[in-house]
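What follows is a single structure, written as structure tokens, with notes after it.
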Amino acid sequence: MDIEELKSLADASAKLPENAFFAYRNLEIIEFIILPSCGIALINDTFVSAECIVQEALSLQFD
């Protein structure tokens, strides 16, 4: 995943309703990190760098 795709997901995430969130491998994404190292932070304190993100593992979930 490149930086532009990550920025687009972060922008979309900010516009989601309160009961919706993006997840990666069924874990809530709590932060989209653009700089200095691009990637995502998950609810279990795991960081996944942008180049390791498998797009098929991303999902939109609801509480």
Side-chain angles (χ1 to χ4, degrees):
M1 177 169 285
D2 66 31
I3 191 168
E4 293 304 317
E5 291 171 319
L6 199 59
K7 283 181 182 179
S8 293
L9 275 177
D11 291 344
S13 180
K15 296 175 184 175
L16 292 175
E18 288 294 317
N19 68 334
F21 59 92
F22 284 115
Y24 185 74
R25 299 196 189 277
N26 292 319
L27 292 170
E28 183 177 358
I29 298 172
I30 58 170
E31 187 176 2
F32 291 88
I33 302 165
I34 305 302
L35 295 173
S37 56
C38 296
I40 54 176
L42 305 177
I43 198 161
N44 67 348
D45 294 326
T46 302
F47 174 79
V48 181
S49 63
E51 61 269 6
C52 293
I53 295 173
V54 176
Q55 291 184 1
E56 292 80 13
L58 291 166
S59 61
L60 177 62
Q61 297 188 10
F62 298 87
D63 287 336

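It should be emphasised that the depicted structure is a prediction, and the values quoted were computed from it without experimental measurement.
- Of all heavy-atom pairs spanning Ala20 and Leu60, the tightest one is CB-CD1, 4.3 Å.
- Hydrophobic clustering of Ile, Leu, Val, Met, Phe, Trp and Tyr side chains at less than 4.5 Å, counting indirect connections, keeps Ile33 apart from Leu9.
- With sequence neighbours left out, Ser59 forms a side-chain hydrogen bond (donor to acceptor under 3.5 Å, both in side chains) with Gln61.
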Note to self: Working note: Ile30 + Leu42, criterion side chain to side chain contact (heavy atoms under 4.5 Å, CB included); need CA distance, chi angles, decisive distance, verdict.
What the structure shows: CA-CA 5 Å; Ile30 58 170; Leu42 305 177; 5.9 Å; no

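- The side chain to side chain donor-acceptor pair (under 3.5 Å) analysis of residues 28-47, with sequence neighbours excluded, yields the pairs Asn44-Thr46.
- Sequence neighbours left out, not one pair with a member in residues 14-24 passes side chain to side chain donor-acceptor pair (under 3.5 Å).
- In this structure Ile3 satisfies the side chain to side chain contact (heavy atoms under 4.5 Å, CB included) test together with Lys7, Ile34, Cys38, sequence neighbours excluded.
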Review item, side-chain donor-acceptor pairs of residues 47-54, under 3.5 Å, at least two apart:
residue, atom, partner, partner atom, Å
Ser49, OG, Glu51, OE2, 3.3

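- In the hydrophobic clustering, where aliphatic and aromatic side chains (Ile, Leu, Val, Met, Phe, Trp, Tyr) are joined below 4.5 Å either directly or transitively, Phe21 stands alone.
- With sequence neighbours excluded, no residue satisfies side chain to side chain contact (heavy atoms under 4.5 Å, CB included) with Asp11.
- For Asp63, there are no side-chain hydrogen bond (donor to acceptor under 3.5 Å, both in side chains) partners two or more places apart in sequence or in a different chain.
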